[in-house]
Amino acid sequence: MYNYIKGKISIIKGDYVVIENNNIGYQIKTPNPFNFELNSETTIYTHLIVREDVFELYGFTSISQRDLFLKLISVKGLGPKGACAILASDKVESVINAINSGDSKYLQKFPGIGPKASQQIILDLHGKINLDPAQIENPKIKDIKEALKSLGYGNSEIKSIVPVIEKNLDLEVSELIKLALKHLFKA
């Protein structure tokens with residue numbers, strides 16, 4: 001029903017965020033609300049779950065994260081809470097690789113996922129999910145984002161510098177960090 005919502009993050013709580021769009025605050029459950037930055041403009045990719053007694057809007061930082069969530073909730077016995085626990089704890093690529101390689105021990109490290117649940121996830125999803133090459137982020141870009149976060153830069157500032165980094169991926173990571181900082185100081 002809702003593919004995504006663009007707006008400003010106005011509230012961050014333990015299991016949800018509120019994104020304001022056109023003077024309406026949408027409460028969105030998310031695997032890790034602290035991936036979002038308060039008062040920043042952002043896009044949240046959503047999925048609405050409707051049951052007899054509740055409407056719940058779930059939100060994700062990327063389309064690939066939402067797609068994996070949809071696959072996980074299709075697994076027998078695994079609901080939105082369990083799927084969010086998996087997505088909050090690790091990267092999409094790592095979870096997909098564990099499922100496709102049949103690594104049940106890896107899946108058991110997530111909260112609420114025991115031996116039976118991990119086997120069910122592998123049984124239901126093995127070979128049915130693949131990584132979209134367009135959605136896999138370059139490791140250099142990930143390293144630079146993490147370095148900038150550790151220096152105290154916010155998500156919106158980091159996002160603004162990504163195009164500059166992408167144009168210069170032939171440089172070493174240390175040079176890319178210097179370039180990113182140079183551009184951030186100009187802004």
Side-chain angles (χ1 to χ4, degrees), residues 1-5 9 12-17 19 26-37 42-150 155 158-159 162 169 173:
M1 183 170 186
Y2 303 108
N3 189 20
Y4 63 87
I5 299 173
I9 301 294
I12 298 175
K13 293 290 182 179
D15 64 342
Y16 70 89
V17 296
I19 186 167
Y26 296 92
Q27 181 176 319
I28 301 176
K29 291 188 174 198
T30 181
N32 187 352
F34 303 104
N35 281 340
F36 298 97
E37 188 177 334
T42 191
T43 300
I44 300 179
Y45 299 93
T46 60
H47 178 70
L48 179 66
I49 294 181
V50 179
R51 292 185 290 211
E52 291 178 16
D53 56 341
V54 72
F55 283 61
E56 292 179 318
L57 192 58
Y58 286 85
F60 309 93
T61 57
S62 67
I63 293 170
S64 59
Q65 191 180 45
R66 180 184 59 193
D67 291 347
L68 182 56
F69 173 81
L70 294 172
K71 294 284 188 184
L72 289 170
I73 62 173
S74 73
V75 172
K76 180 182 173 189
L78 186 64
K81 188 176 179 180
C84 280
I86 291 171
L87 292 171
S89 303
D90 212 340
K91 295 177 183 166
V92 171
E93 298 88 13
S94 302
V95 175
I96 291 172
N97 288 334
I99 292 168
N100 286 334
S101 66
D103 190 353
S104 66
K105 292 279 187 209
Y106 179 87
L107 295 172
Q108 290 175 40
K109 77 176 189 170
F110 300 114
I113 306 297
K116 286 183 181 178
S118 66
Q119 287 297 327
Q120 190 66 49
I121 291 168
I122 292 168
L123 179 68
D124 288 359
L125 299 180
H126 181 74
K128 295 180 182 171
I129 50 178
N130 295 308
L131 294 171
D132 179 1
Q135 294 178 349
I136 299 173
E137 190 172 47
N138 186 300
K140 283 185 179 181
I141 295 174
K142 285 183 183 180
D143 291 344
I144 293 161
K145 283 182 174 181
E146 289 174 19
L148 292 174
K149 273 188 182 179
S150 70
N155 290 335
I158 294 170
K159 281 182 186 176
V162 169
L169 284 174
V173 173

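Computed from a prediction, not measured in an experiment: that's the story for all the values here. Reckoned from all heavy atoms, side chains included, excluding hydrogens, waters and symmetry mates.
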Would you be so kind as to tabulate the donor-acceptor pairs closer than 3.5 Å made by side chains of residues 70-83, with sequence neighbours excluded?
{"residue": "Ser74", "atom": "OG", "partner": "Lys71", "partner atom": "O", "Å": "2.5"}

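From Lys13, atom NZ reaches atom NZ of Lys29 across 14.5 Å, with rounding to the nearest 0.5 Å. A distance of 11.5 Å separates NZ of Lys128 from CD1 of Ile99, quoted to the nearest 0.5 Å. Taking CG of Leu123 as the start and OG of Ser104 as the end, the distance is 12.0 Å to the nearest 0.5 Å. Atom CG of Asn3 sits about 12.5 Å away from atom CG of Leu48, to the nearest 0.5 Å. Phe60 contributes atom CZ, which lies 10.5 Å from atom CD1 of Ile44 (distance to the nearest 0.5 angstrom). Distance CG/Asp67 to CD1/Ile96: 8.5 Å, rounded to 0.5 Å.
Among all heavy-atom pairs drawn from Ala88 and Pro31, the shortest one is CB-O, 3.1 Å. Considering every non-hydrogen atom in both Asn35 and Asn155, the closest pair reads O-ND2, 2.7 Å. Across Ile28 and Tyr58, no two heavy atoms sit closer than the pair CG2-C, 3.5 Å. Between Ile158 and Lys149, the shortest heavy-atom distance links the atoms CD1-CG, 3.5 Å. For the residue pair Thr42 and Lys159, the shortest heavy atom distance occurs at OG1-NZ, 3.5 Å. Between Phe36 and Ile12, the shortest heavy-atom distance links the atoms O-CD1, 3.4 Å.
Residues Ile121 and Ile86 have side chains in contact (heavy-atom distance under 4.5 Å, counting atoms from C-beta outward). Between Phe110 and Val95 the shortest side-chain heavy-atom distance falls below 4.5 Å. Using a 4.5 Å heavy-atom threshold, the side chains of Tyr16 and Pro33 count as separate.
Within 6.0 Å of OH on Tyr4 lie no more than 12 heavy atoms contributed by other residues, nucleotides or ligands. The neighbour count for Lys116 NZ, taken as heavy atoms of other residues, nucleotides or ligands under 6.0 Å away, does not exceed 12.
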Run the side chain to side chain contact (heavy atoms under 4.5 Å, CB included) check on Gln65 and Thr30 step by step: do they pass? CA-CA 11 Å; Gln65 191 180 45; Thr30 181; 5.7 Å; no
Evaluate the criterion side chain to side chain contact (heavy atoms under 4.5 Å, CB included) for residue pair Leu107 and Ile122; output intermediate values, then yes/no. CA-CA 9 Å; Leu107 295 172; Ile122 292 168; 3.7 Å; yes
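Listed for the Asn100 side chain is no donor-acceptor partner under 3.5 Å among the backbone atoms of His126.
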